[in-house]
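Here's the structure we're looking at; comments come further down.
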Amino acid sequence: MDITSIINPLNDAQREAVSAPSRAMLVLAGAGSGKTRVLVHRIAWQIQVEGHSPHSILAVTFTNKAATEMRTRIEDLLNISARSMWIGTFHGLAHRLLRRHAKDAQLPETFQVMDSDDQLRLIKRLYKNLNLDEAKWPPKQAQWYINGQKDEGIRAKHMPETGDFFQRQMLAIYKAYEEVCQRSGLVDFAELLLRAHELLRDNPETLSFYQQRFRHVHVDEFQDTNTIQYAWLRLLTQDRDNLFVVGDDDQSIYGWRGAKIENIYRFQKHFPNHKVVKLERNYRSTGHILKAANRVIEHNEGRMGKELWTESGDGEPISVYAAFNEQDEAYYVVERIRKWVHEGGSRSDIAILYRSNAQSRQFEEKLIATSIPYRVYGGLRFFDRAEIKNALAYLRLMANPDDDASFERVINTPTRGIGAKSLDDIRVLARDKNLSLRQAVEFAIAQKLTTPRAGNAMSGFIALVRSLAEQTQGLPLFEQVKIVVEKSGLIEFYKKEKGDKGEARVENLEELVNAARLYEYDQDNEENLSELDMFLTHAALEAGEMQSNAEQDCVQLMTLHAAKGLEFKRVFMVGFEEGLFPSQQSVEDPGRLEEERRLCYVGMTRAMENLCLTYAESRRLWGRETYPKASRFLREIPAETLQEVRMRAQVSRPVSFTGNMDSHEPGTYKLGQRVRHEKFGEGVVLQREGSGAQERIQINFQAVGIKWLMLSYAKLEGVGA
DNA sequence: CTCTACGAATTTTTT
DNA sequence: ATTCGTAGAG
C-alpha cells in the first residue's frame, strides 16, 4: 500500500484537496465531481501518508447510507478495518456521545430515542394537559417550532416570556415538552444534537478529551448543516484548523428544515487560514446536460461560483415534451421507458423525478398498465409502520418503563378496556405529581383512585410488561422479540383485523423477528449497550429502506429531494410547471425560489446520458382543472441543448374549453395543415381520431403516402403558418 | 369501543 | 380527488 494508489486515481483538483497539509479546508464539490472519493482518499492519506491512527479520524455525514458507503470505501482502499474510526451521521455520533456520557449530559442511562412520530404524539398529549385547542394551533406547528428552536440551539429557558400570544403559547408547549422528555428519558432527533453540543460545551474535560482524540474532522454535505451541527463541529475543532468540509452551495435544498447555507461563509470567516478547492470536472453527465444545468443555476445570486465541465462529448440533446395533461405526460414517459426497455435497456437505469409525492400516482398507474416493474422511494419505511412501532414500544418499555411515549402508545394496544377517560385521569395525575405515566398508574392503583375495572386493566398491562421483561431475560434478541410479539397479544390482535391489512401487519411482525435475528450485535461496543438497546437505537436512528422488490430491475420513482446523491442513465423530470415546480409557496420569496432552482440543478445533474423534461398544459389539481404555465426553469435552459418533442399548442383555447380528454381538443394541428415528420418528411393532416394520449392523426406524406401516427409521440412539427 | 360521516388540508424529509 | 383526522352516534 503506497501513496500512488491514493493519489493516482485523482485529478488535479482532487489531488490538491487530498494531499493538502493539515489545515481547514473547504472543498466545493460540484455534482458528480467525485466528492466521496475525495473524502475517502483524504482520510486514507492521513492514515497512510501522514501516519495518523484511524482512531484519530472523525467523519460526519447526514445519512446512514453515506456513512456506510464511506466506511466501506475506506476499508476497501486501505484494506484495513475502519472500526476504530468514528464515521457516522450527526445524529448517530451525538447518540454515541450521549450514551457514553449520559450522566454528564443529565440523561438517565436508559434514555430512548424518539422519532418524529413519537414526538408528535407526545406533543398532542401535552395539548390535552395544557387544555389547548388543536384546531387553533396544529400540533405539527408546535413540533416544527420546537425543533426549529432546538436546531438553533435555543432552549425554552433562553426565551423571553414576552412576545405575542402565539409566541407565549408555543413557549408554554416547549417548556412542558422539555419537562416530559426529561422525566421520561426521551430524546428526540434535534435533542440529540443539542444535548451533544451542551455536553461538550459544559464539560471542559470531556471536550478536551475529544478534541485531543479527533485530529481530523471531516464533514460531508456541509451545505446541509444547521446551526447546532456547525456549533458542535466548531467546539470539536476550535482553533485547531483541522476541519475538512465538502459541500456544494448549489445543492443546498434543505433550507426549509434548518440547513444553513451560510455555514459555508461562516466557515471561511471562522477559519481564516482555510483553503478552498473547487471540484468542477464532472464524471457523470454529458456536455449538453451540464451546460443546461450550469445555465440554470447561474440565475441564482451570491453563489460561490462553479462551472461544471466534462471531457465526454455533448451527448444527446435534452428533450422537452409539452403534454396535453398529466395523463398524457405519464403516457409519454412510460412509452419512452417501454421503448428503451424493449431495446434492451435496464429499468433500474431509469428514474422519474417529481417535485411532490402526489405526482407519482399517474406514473404508477401507467407503469402498472404497461407491466413495467417500478419502485417508489419514500413513504412508509419498515420501522415506521404502526405495528412495528407498537412492538418496539413494548420492547422499549421493558428497557425503560418510564418511557411515556411508548407507554401511551401501547397501554391500550391491543385493546384491553382502558378508555380515553381513564387515560386522561392518569395524565392529569402524572402531571400534578410529576410522575411518569407508569408511576402514575401504580400510584392510582395503590390509592384506589380508579374504577375497579380500569384499575384491573391497567395493572394487567403493567404486569404484562414486567412479565415480558422477566421472560425474555438473558434470551437472544430474536427470541425476545418473538416472545414480545406473541405474548403482548399484538399478533392475535392483528389477526382479527379484517382483510389483507391485518395479514400484512402480522407478516411485518414476523419480519421484525427476522430482522432481530439478522441483526448483528457488536458485543464490544464501547458504550456497553445491551443487544436490545442497540437494536432499539438501530430502529430509531436507522429506520432503513427495508422495501420490497429492491432487488428487482425496477424503474425508480422519487422526489427530486430524494434523488440527491444518486445518478441514473436516463432521467425524466416531470411537472415543469409554474406553481408545481417552482412550487406555489416559493414563487413569491426570492430565497425559496433560489432553493427551487437548486433543486432543478440537482435533478438535472442526476442524469448521465439522457434527460427528458416534461410539463402538462392542463393538470387536474385538487379536483380542479388547472392550466399552468411552463416552468421558468425551462426558459433558463439554453435552446441549443434542447429538443422539443411536441411544439406547444399555438392556438389559444376557447375560454369554454375544459381540457377534458373526452372533449375534442383542437391540439396543435388543424386538418389540412402542412407538417413535417422526422423520418417521413412533409405531409398534410387529413384526419384525427381519439383524444389525449390516445389521439391519432392521419397524414398524407409526399414521400411515403398516408399514415396514421400517435400524436403523443410522433415527432411532428408544423410547416409554414 | 368501533363505525361512519363530515370537514380540512394538500412541497420537499433524514435522523 | 384523496387522504387523514376528529366528532358523534350506535
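These numbers were taken from a predicted model, which means no experiment stands behind them. Chain naming here is simple, since letters A, B, ... match the order of the sequence lines and numbering starts at 1 in each.
Regarding contacts with the backbone of B/dT13, a side-chain N or O of A/Thr559 is found under 4.0 angstrom from either OP1 or OP2. Contact annotation: A/Asn412 side-chain N/O to B/dC1 OP1/OP2 distance is under 4.0 Å. For A/Arg381 and B/dT15, the shortest distance from a side-chain N or O to OP1 or OP2 is below 4.0 Å. Dashed line: the shortest gap from a side-chain N or O of A/Asn357 to OP1 or OP2 of B/dT13 is under 4.0 Å.
The residue A/Asp188 sits apart from the nucleic acid: no heavy atom pair falls under 4.0 Å. In this structure, A/Ser116 reaches the bases: a heavy-atom distance under 4.0 Å links it to at least one base atom across the strands shown. Using a 4.0 Å heavy-atom cutoff across all strands shown, A/Arg361 reaches sugar-phosphate atoms only and no base atom. Counting any heavy atom pair closer than 4.0 Å across all strands shown, A/Ile418 reaches sugar-phosphate atoms only and no base atom. In this structure, A/Thr89 reaches the sugar-phosphate backbone alone: every heavy-atom distance under 4.0 Å involves primed, P, OP1 or OP2 atoms, never a base.
Counting only N and O atoms by type, the side chains of A/Gln223 and A/Tyr254 include no donor and acceptor under 3.5 Å apart.
In this view, A/Arg361 and A/Glu365 satisfy the salt bridge (Lys or Arg N to Asp or Glu O under 4.0 Å) rule, not counting sequence neighbours. With sequence neighbours left out, A/Gln251 forms a side-chain hydrogen bond (donor to acceptor under 3.5 Å, both in side chains) with A/Asp248, A/Arg606.
Residue A/Glu329 is tested with A/Arg619, A/Gln359, A/Gln362 for a side-chain hydrogen bond (donor to acceptor under 3.5 Å, both in side chains); the sole match is A/Arg619.
Considering only the side chain of A/His91, B/dT15 comes nearest among B/dT2, B/dT12, B/dT15. In the set C/dA1, B/dT12, B/dT14, the nucleotide with an atom closest to the side chain of A/Thr63 is B/dT14. Between B/dT13, B/dT15, B/dT10, one nucleotide has an atom nearer to the side chain of A/Trp622 than all others, and that is B/dT10.
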